[in-house]
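What follows is one structure encoded as structure tokens, with my remarks underneath.
Letters A, B, ... mirror the listed sequences (proteins, then strands); counts begin at 1.
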There are 2 protein chains.
Amino acid sequence: MTLADVAKLAGVSVSTASKALNGKPEVADATRARVRHAAAELAFHPNPLARGLISGRTRTIGLLTDELGGRFSMPVLLGVENALGNEEMSVVLCDARGDSIRRQHYIRTLVARQVDGFIILGESNDLRPSLTRDIPVPVVYVYGESGDPGDLSILADDEGGARLAAEHLISLQRRHVGHITGPVLYRAARDRAAALRQVLHDSGLDLAGGEPLHGEWSRRWGRHAAHMLVTADPDVDAIFCGNDQIADGVCEALTNLGRHVPDDVAVVGYDNWETLAADCRPPLTTIDLNLEQLGAVAVEHLSAALDGHRTTGVIRHPGRLVVRESTGPSPRRPSAAVRA
Amino acid sequence: MTLADVAKLAGVSVSTASKALNGKPEVADATRARVRHAAAELAFHPNPLARGLISGRTRTIGLLTDELGGRFSMPVLLGVENALGNEEMSVVLCDARGDSIRRQHYIRTLVARQVDGFIILGESNDLRPSLTRDIPVPVVYVYGESGDPGDLSILADDEGGARLAAEHLISLQRRHVGHITGPVLYRAARDRAAALRQVLHDSGLDLAGGEPLHGEWSRRWGRHAAHMLVTADPDVDAIFCGNDQIADGVCEALTNLGRHVPDDVAVVGYDNWETLAADCRPPLTTIDLNLEQLGAVAVEHLSAALDGHRTTGVIRHPGRLVVRESTGPSPRRPSAAVRA
DNA sequence: CTGAAAGCGCTTACAG
DNA sequence: CTGAAAGCGCTTACAG
């Protein structure tokens with residue numbers, strides 16, 4: 001079905017049919033109606049290749065990731081995909097798998113495919129080299145920050161997330177808050193630790209154990225570090241963990257040590273990795289990064305850039321606290337009624 | 001940069017330039033060399049929209065999923081993406097999120113975008129209604145089987161996977177093998193249970209506890225069911241679990257019951273969900289579904305179909321056993337030397 | 001308000 | 001072996 005078929009059925013020229021369907025004002029109402037009718041009857045969909053050839057726009061954006069399989073890519077991708085759908089755009093996906101040859105190859109491929117813009121999805125939220133000079137269309141960086149401040153980066157708000165967790169624990173009257181998290185070389189780990197300390201400091205509190213415990217992002221490390229922390233500071237009554245896996249291990253270790261979660265020690269995770277957080281014993285209070293929204297915000301800004309409204313700099317998108325049982329609402333006062 | 005620029009630089013006509021670059025035999029060697037040179041100099045990439053407009057092929061395939069966020073979509077997607085890269089094709093991604101309106105909308109969108117073919121990714125491996133009649137290009141179903149046997153479905157081999165697990169346990173001299181798995185309404189759960197029973201039967205063994213324990217796909221269920229199974233059959237010396245989360249819960253419960261894994265009870269999971277299986281205590285022996293390969297096989301068959309070699313029916317792609325510590329190599333004979 | 005013409009960037013008969 | 005012409009499906013000045 002081509003526009004020519006529609007035009008013929010409607011008894012007009014191809015150019016008139018085009019204008020009618022594209023809402024140009026110079027078409028007579030009756031004509032427009034006839035053309036629309038014909039188009040509907042033939043289930044006509046304009047060929048996007050032909051349109052793209054003329055307009056130079058393909059209504060397609062390229063999403064370049066470094067590690068699709070990682071924990072953070074998927075939710076962002078979902079958000080992007082969904083937001084693009086609302087704009088009648090599609091996403092072409094390329095996973096460079098951390099390999100710079102692949103990355104350059106994909107950039108060339110996507111540019112050759114005439115994508116209207118790029119979203120570059122980082123695998124960690126550390127700084128990464130800008131790729132913008134290789135790309136002739138607008139680019140938005142998501143999750144991982146571009147090293148070039150002239151680029152636009154949409155990031156998760158690590159400090160804000162840590163603050164949410166810290167304030168939640170303090171509101172529960174916890175006074176001895178420890179921190180078990182990932183490697184110190186991750187900016188996310190450092191930023192969250194700093195924010196936690198700041199909030200504690202503002203409340204006149206010190207970090208339980210004196211220093212954050214930096215290790216792996218694993219359950220194993222959570223188990224191990226929980227032992228260390230309880231030994232170092234037996235009064236600890238709350239632990240803020242760098243991710244949900246660590247928190248899971250912490251809960252397990254605390255339980256094995258005879259400490260009740262949350263009555264004796266409240267535990268907060270990070271990431272809200274559903275399958276883990278909800279299935280933990282007890283289910284984890286945690287910080288959701290709102291990664292889908294991150295993807296949606298990226299699309300929003302990319303669309304603006306395509307319309308000529310470019311933004312630069314860093315946008316930190318807030319997370320949210322998800323309260324589950326690992327931080328009980330009434331500390332040290334387990335209600336028999338509730339438990340029954 | 002257009003072909004016209006290349007032609008001008010090489011001093012030939014556009015049509016000759018086109019033939020030279022496309023390897024047509026009728027071009028003089030010297031001319032071809034000059035054109036290639038010019039193209040390289042200008043970093044010329046033919047406009048795929050123009051090519052697509054002529055050829056009717058876009059070198060793009062549509063990937064329609066029902067739940068991208070699920071545990072199984074991502075690996076398949078990775079395999080598809082990678083395999084397509086080798087064929088110089090791209091993937092456009094659409095997630096219907098289980099909504100049939102969205103699904104139909106996306107099908108229309110992708111068809112309008114002139115994708116050369118579809119891959120339809122199921123969220124569960126149960127039968128699903130065929131969508132092929134709405135799609136005028138070749139379709140391959142992956143992970144979830146199409147209800148129409150005239151379609152091609154590439155599936156994980158559940159029976160084969162269960163057999164691998166069962167044979168592994170039997171080779172370790174286990175005689176009392178129990179099965180804790182997901183809801184009976186999942187075909188995967190039923191198929192695996194049946195295959196396990198068959199293997200046990202062939203070895204003259206019965207299922208420990210008499211019946212498979214069907215419940216949720218969760219750690220919580222694993223913990224609970226492990227208690228049940230040990231009570232029902234205290235001699236149980238191996239448990240094959242329907243997924244890694246269940247296996248994780250089983251390991252935890254067994255340990256709390258004072259049963260050593262694997263010395264007293266060997267445990268096998270399913271899915272090889274890396275972050276979980278490797279971080280479990282002990283690390284899980286499990287079945288990897290080879291989902292990336294599933295995606296690659298789908299692309300292979302789709303490419304063949306695009307070349308006119310269509311296949312139909314069901315292909316079951318084998319998984320593989322990944323041995324970790326939850327099935328020790330020397331049952332009931334823990335070596336002090338090894339442990340030290 | 002409508003339609004004939006040119007053109008987006010390329011490929012492919014066709015003529016020379 | 002090379003090039004002028006037509007055409008893929010559409011849009012957009014331009015003329016009427």
Side-chain angles (χ1 to χ4, degrees), chain A residues 1-39 42-60 88 108-116 136-137, chain B residues 1-39 42-60 88 108-116 136-137:
Chain A
M1 283 305 109
T2 73
L3 188 57
D5 298 314
V6 175
K8 185 185 295 176
L9 182 59
V12 297
S13 72
V14 174
S15 41
T16 299
S18 170
K19 288 169 205 152
L21 258 20
N22 289 310
K24 302 284 181 198
E26 69 244 47
V27 180
D29 286 352
T31 310
R32 192 190 307 279
R34 245 184 316 134
V35 174
R36 285 211 173 127
H37 233 85
L42 299 176
F44 169 73
H45 290 278
N47 184 327
L49 297 183
R51 285 188 139 171
L53 191 56
I54 294 162
S55 67
R57 282 188 60 167
T58 53
R59 304 203 70 78
T60 299
E88 307 257 283
R108 276 193 301 272
T109 303
L110 289 169
V111 168
R113 274 191 185 273
Q114 316 254 85
V115 298
D116 296 333
V137 291
Chain B
M1 282 305 110
T2 74
L3 188 57
D5 298 314
V6 174
K8 186 186 295 176
L9 182 59
V12 297
S13 71
V14 173
S15 40
T16 299
S18 171
K19 289 169 205 152
L21 257 21
N22 288 312
K24 302 284 181 199
E26 69 244 46
V27 180
D29 286 352
T31 310
R32 192 190 306 281
R34 244 182 318 132
V35 174
R36 286 210 172 127
H37 232 85
L42 299 176
F44 169 73
H45 290 279
N47 184 328
L49 298 183
R51 284 188 140 172
L53 191 55
I54 294 163
S55 68
R57 283 189 58 166
T58 53
R59 304 202 70 79
T60 299
E88 307 255 285
R108 278 193 301 273
T109 302
L110 288 169
V111 168
R113 275 192 183 272
Q114 316 254 84
V115 297
D116 296 333
V137 292

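- Looking at residues two or more places apart in sequence or on another chain, you find no side-chain hydrogen bond (donor to acceptor under 3.5 Å, both in side chains) involving B:Ser55.
- Shown here are the side-chain contact (heavy atoms from CB on, under 4.5 Å) partners of A:Ala17, two or more places apart in sequence or in another chain: A:Leu3, A:Ala7, A:Val12, A:Val35.
- Residue B:Ser55 is classed as having no contact, given no heavy-atom separation below 4.0 Å to the nucleic acid.
- Residues passing the side-chain hydrogen bond (donor to acceptor under 3.5 Å, both in side chains) test with B:Thr31, sequence neighbours excluded: none.
- With sequence neighbours excluded, the residues satisfying side-chain hydrogen bond (donor to acceptor under 3.5 Å, both in side chains) with A:Asp5 are A:Thr2.
- Paired runs in DNA chain D that reach 3 or more consecutive Watson-Crick or G-U pairs, where each pair keeps both distances under 3.5 Å, cover C:1-3 with D:14-16, C:5-12 with D:5-12, C:14-16 with D:1-3.
- Partners of A:His45 according to the side-chain contact (heavy atoms from CB on, under 4.5 Å) rule, which considers only residues two or more places apart in sequence or in another chain, are B:Arg108, B:Ala112.
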| task | Scan nucleotides 8-16 of chain D nucleotide by nucleotide, 5' to 3', and note B when protein non-hydrogen atoms come under 4.0 Å of the base, S if they reach only the sugar-phosphate, - if neither. | result | BBBBBB---
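- A:Arg57 places no side-chain N or O within 3.5 Å of a backbone atom of A:Asp116 that could act as its donor or acceptor partner.
- Among residues two or more places apart in sequence or in another chain, the side-chain contact (heavy atoms from CB on, under 4.5 Å) test is passed with A:Thr60 by A:Thr58, A:Val92, A:Val115, B:Arg113.
- Partners of A:Ser15 according to the side-chain hydrogen bond (donor to acceptor under 3.5 Å, both in side chains) rule, which considers only residues two or more places apart in sequence or in another chain, are A:Ser13.
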